[in-house]
> 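Quick one: the structure is below, questions incoming.
When a ligand or atom number is given, it counts from 1 through the structure's own listing order. What you see is a predicted model, and the numbers here were worked out from it, not measured in a lab.
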Amino acid sequence: MKRMSRTSGQVLVLAVLALGVLPFQQTWGAEAVIKVGEYASLSGGTASFGSASHKGTVLAVEEINAAGGVLGKQIQLITEDTQSKAGEASTAVRKLISQDKVVAILGEIASSRSLEAAPICQEAKIPMISPGSTNPKVTEVGDYIFRICFIDPFQGTVMAKFALDSLKVKNVAVLTDVKQDYSVGLAQFFREYLTAHGGVVAKEQSYSSGDKDFRAQLTSIKSSKPEAVFLPGYYNEVALIVKQAEQLGLKVPFLGGDGWDSSSLVEIGGQSMEGQYFSNHFSPEDNAPQIQSFVKNFQTKYNQTPDAMAALGYDSARFLADAIRRAGSTDPVKLRDALASTKNFGGVTGSITINAQRNATKSADILVIKGGKFKFMQTVAP
Ligand code: PHE
């Protein structure tokens, strides 16, 4: 009896040791897994962006691994939180590159944070793929920097055209977040198209990310009697601005871009967000079978409907896996070349073809907020 129990005890010890050692060996040998880094705002002012893209990325990695991985290896995702703060994105990618030795990096969403980290990835020659940064400067950093979304000269044009041709407004005020490269750029491209096509900027005003009181700017905008307001900001401030505009009696349509996309927009802005418009990368209402199966799988896993950032996160990981497969290796130069030559990759955010500037040429959706939901209105092709 004594002997037997000792034996089973030894077996148990061995099993525990084996279990403890195996995962260690797996991450140890460079051969065992393919390490992919991700940096995203999982907390802070734009936590919704990072949490959503992370969920989409994780879903994609799980699906890829369940189907056998890439080049016979499993993908190991290593994620860093940028906390929505300046300074954290560079720390995150430095750690992913030098400590974790990742083969490629997915991120960030906010253009300012991608712009902070991109020079570090470029210098280290580690391909970086931004799922959602739309400011043109991001990929101009260098030949290792890619994105899978459209850029703001297109997005700004789409919304200016929509204002002029669909809403039939000419006098549009512009309210910009000067802390975000995204907002400053999008405002500029909107203004350029508007004024070149018979429109007028009724008034220019600005604010900074994190501000809570926008009454002074809105009062000034109201006195210029605009027919609409272009508000290229992020959802937190946008919701407060539109709410305060309503309280001040500024009752004209507000228009924005992808930075509006978060369920928090309506949670914070409530009724005041009804009937407002924004452009986006994705609509979960799209009936295409690939989109509906992604929406279903996402809902099953997370019990929520994916937003654009979730869809872009999902596409970014699958886009990278496809390039690693075609490169037949994780060698940075081969991987870079494979990413650059991606053509007609079927994403849930649309077909992805990488152009000479390492951007994707894709359509945008215009959505309207109705009954607290984002309703699909029209797709605009590039
Ligand atoms: N396009 C935004 C930026 O460049 C980020 C964003 C992408 C926000 C997609 C929401 C959805 O900063």
> So which atom in Y182 and which in G259 form the shortest heavy-atom distance, rounded to 0.1 Å?
OH-N, 2.9 Å

> Could you identify the single nearest non-hydrogen protein atom to atom 5 (C) of ligand 1 and state the distance to 0.1 Å?
I109 O, 3.3 Å

> Which is it for S111 and ligand 1 at heavy atoms under 4.0 Å: side chain, backbone, both or neither?
both

> Would the Y314 and F298 ring centres measure less than 6.0 Å apart?
no

> For S133, counting its heavy atoms only, list the atoms of ligand 1 lying under 4.0 Å from any of them.
4 (O)

> For atom 10 (C) of ligand 1, grab the closest protein heavy atom and report residue, atom and distance to one decimal in Å.
D258 O, 3.0 Å

> State if A110 counts as touching ligand 1 under the rule of any non-hydrogen atom under 4.0 Å.
yes

> Would T139 and N359 count as having a side-chain donor-acceptor pair, cut-off 3.5 Å?
yes

> I need the atoms of ligand 1 closer than 4.0 Å to a non-hydrogen atom of Y234, numbered in the order shown.
3 (C), 12 (O)

> Answer side chain, backbone, both or neither: which part of Q180 comes under 4.0 Å from ligand 1, heavy atoms only.
neither

> When you compare ligand 1 with T134, is there at least one nitrogen or oxygen pair between them that comes in under 3.5 angstrom?
yes

> Tell me yes or no: between the side chains of E108 and S114, is some donor less than 3.5 Å from an acceptor?
no

> Classify the angle between the aromatic ring planes of Y193 and H197 as parallel (below 30°), tilted (30 to 60°) or perpendicular (above 60°).
parallel

> Of all the atoms in ligand 1, which lie at a distance below 4.0 Å from a heavy atom belonging to F49?
8 (C), 10 (C)

> For atom 9 (C) of ligand 1, find the nearest protein heavy atom and state the residue, atom name and distance (0.1 Å precision).
M309 SD, 3.2 Å

> Checking the side chain of N65 only, and the main-chain atoms of I75 only, is there a donor and an acceptor separated by less than 3.5 Å?
yes

> Hey, are Q217 and S206 close enough side-chain-wise for a donor-acceptor pair under 3.5 Å?
no

